[in-house]
Number of protein chains: 2
Amino acid sequence: MTQRRTTWQKTAVFEALSQDQVFVSAQELHQKLLLAGQKLGLTTVYRALTDLVEAGQADVLAGEDNEMLYRVCSNEHHHHLICRKCGTAVEFDLDGFESEVSALAIKHGYKDVAHSIELFGICEKCGMSA
Amino acid sequence: MTQRRTTWQKTAVFEALSQDQVFVSAQELHQKLLLAGQKLGLTTVYRALTDLVEAGQADVLAGEDNEMLYRVCSNEHHHHLICRKCGTAVEFDLDGFESEVSALAIKHGYKDVAHSIELFGICEKCGMSA
DNA sequence: CTATCTGCAAAGTCTTTGCACTTTT
DNA sequence: AAAAGTGCAAAGACTTTGCAGATAG
């Protein structure tokens, strides 16, 4: 088993990701870190994010424009209404829906069903400045 | 206004897409067409698909691995439970859900909200052969 | 000390674009 | 003929990989 080491880079990525509760791309996160004076490679950011996801500490989701979006994992299972401009995410639960989905999956014999129920729109703020 | 012309390539793409009610990538569709003896360029497939989407004759959706998936449009608005192996899609409606989503969007001041509610799993057939 | 990590540059995907040539109308 | 479409090759964007040098444990 290959075990993980703690490096300042990984810590930096995790902290940067934790700062705002918003979905960001690896590239954006990298930029942010550079601007903050943290000199690390884009490669490292990708690797750190992948690790975080595997460790269950971050969520991934495929954005509309074919780009991976990352966010600190909030353990609870809910979905997001994401602004496609600024990335701000509103979380929401779907009580009845969750079970409806499971029922559907079972009914059709599907296994390992991951439901990506994400809504993309333009938030109020961005709608105004447009 | 730039109008469309009817070419055998576009027709071929549309027919290939229509053959199975499944989500396929542009690349897959291109392969399929080549194997069927239809010699056309990948570029053309992309352009034809884009046109079909604009014309409302096809649906697009971003697959899990960041890859555009296309399918003939079934006009009605429903969602899909997609096998990530074979691409087979089961459609389902979400009666109450649609309005719930709209309500959410309005409540949070979001505009132009597109909801991609797609479930990815392994279908029965593929689950067996695995 | 040594397994793991970093970061550069190179390679790999999917998709789009530029441009000369062909085809529809 | 003229406008629109085709296809190649090249470019773009995002992500992954190979590998030598750096580093955590």
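Quick caveat, the model's predicted, so the values are computed rather than measured. Letters A, B, ... are given to chains in the order of the sequence lines, protein chains preceding strands, and every chain is numbered from 1.
Summarising the geometry, the separation between CD on A/Gln3 and P on C/dT2 is reported as 16 Å, rounded to the nearest angstrom. Remark: P of C/dC14 and CG of B/Leu49 are 15 Å apart, rounded to the nearest angstrom. With rounding to whole Å, B/Tyr46 atom OH is found 17 Å from D/dA9 atom P. Taking atom CG on B/Asp51 and atom C1' on C/dT15, their separation rounds to 15 Å, with Å as the unit. Distance CD (A/Glu54) to P (C/dC5): 11 Å, rounded to an integer number of Å. What separates CG of A/Leu42 from P of C/dA9 is a distance of 13 Å, to the nearest Å. For the pair B/Lys39 NZ and C/dT22 P, the interatomic distance rounds to 18 Å; values are reported in whole Å.
When all heavy atoms are compared, the tightest approach of A/Val45 to A/Ala26 is CG1-O, 3.8 Å. When every heavy atom of A/Leu69 is checked against every heavy atom of A/Ser25, the shortest pair comes out as CD2-N, 3.9 Å. Residues B/Leu81 and A/Leu104 approach most closely at CD2-O, 4.2 Å, considering heavy atoms.
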Before you tell me yes or no, could you show the steps for B/Leu49 and B/Leu29 under side chain to side chain contact (heavy atoms under 4.5 Å, CB included), namely the whole-Å CA-CA distance, both residues' side-chain angles and the distance that decides it to 0.1 Å?
CA-CA 10 Å; B/Leu49 286 172; B/Leu29 205 52; 3.9 Å; yes
Go through the steps to decide whether B/Val24 and B/Arg71 satisfy the test side chain to side chain contact (heavy atoms under 4.5 Å, CB included), and finish with yes or no.
CA-CA 7 Å; B/Val24 289; B/Arg71 222 200 69 144; over 6 Å; no
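Counting only heavy atoms from C-beta outward, the side chains of B/Phe92 and A/Val101 never approach each other to under 4.5 Å. Between B/Val113 and B/Ile106 the shortest side-chain heavy-atom distance does not fall below 4.5 Å.
Each ring pair (Phe, Tyr, Trp, His ring centres under 6.0 Å) pair with one or both residues in residues 3-53 of chain A, not counting sequence neighbours, appears once here: A/Phe23-A/His80.
A heavy atom lying under 4.0 Å from DNA chain C marks the following residues of residues 5-18 of chain B, by number: B/Arg5, B/Thr6. Of the residues in residues 23-33 of chain B, those lying under 4.0 Å from DNA chain C by heavy-atom distance are B/Gln27.
Note on A/Arg47: a base of the nucleic acid sits closer than 4.0 angstrom, heavy atoms only.
Salt-bridge formation is not detected for the pair B/Lys10/B/Glu15: no Lys NZ or Arg NE/NH1/NH2 atom is positioned less than 4.0 Å from an Asp or Glu carboxylate oxygen.
Heavy-atom distances to DNA chain C give each of B/Met68 and B/Arg4 a nearest nucleotide, and the one nearer the 5′ end belongs to B/Met68.
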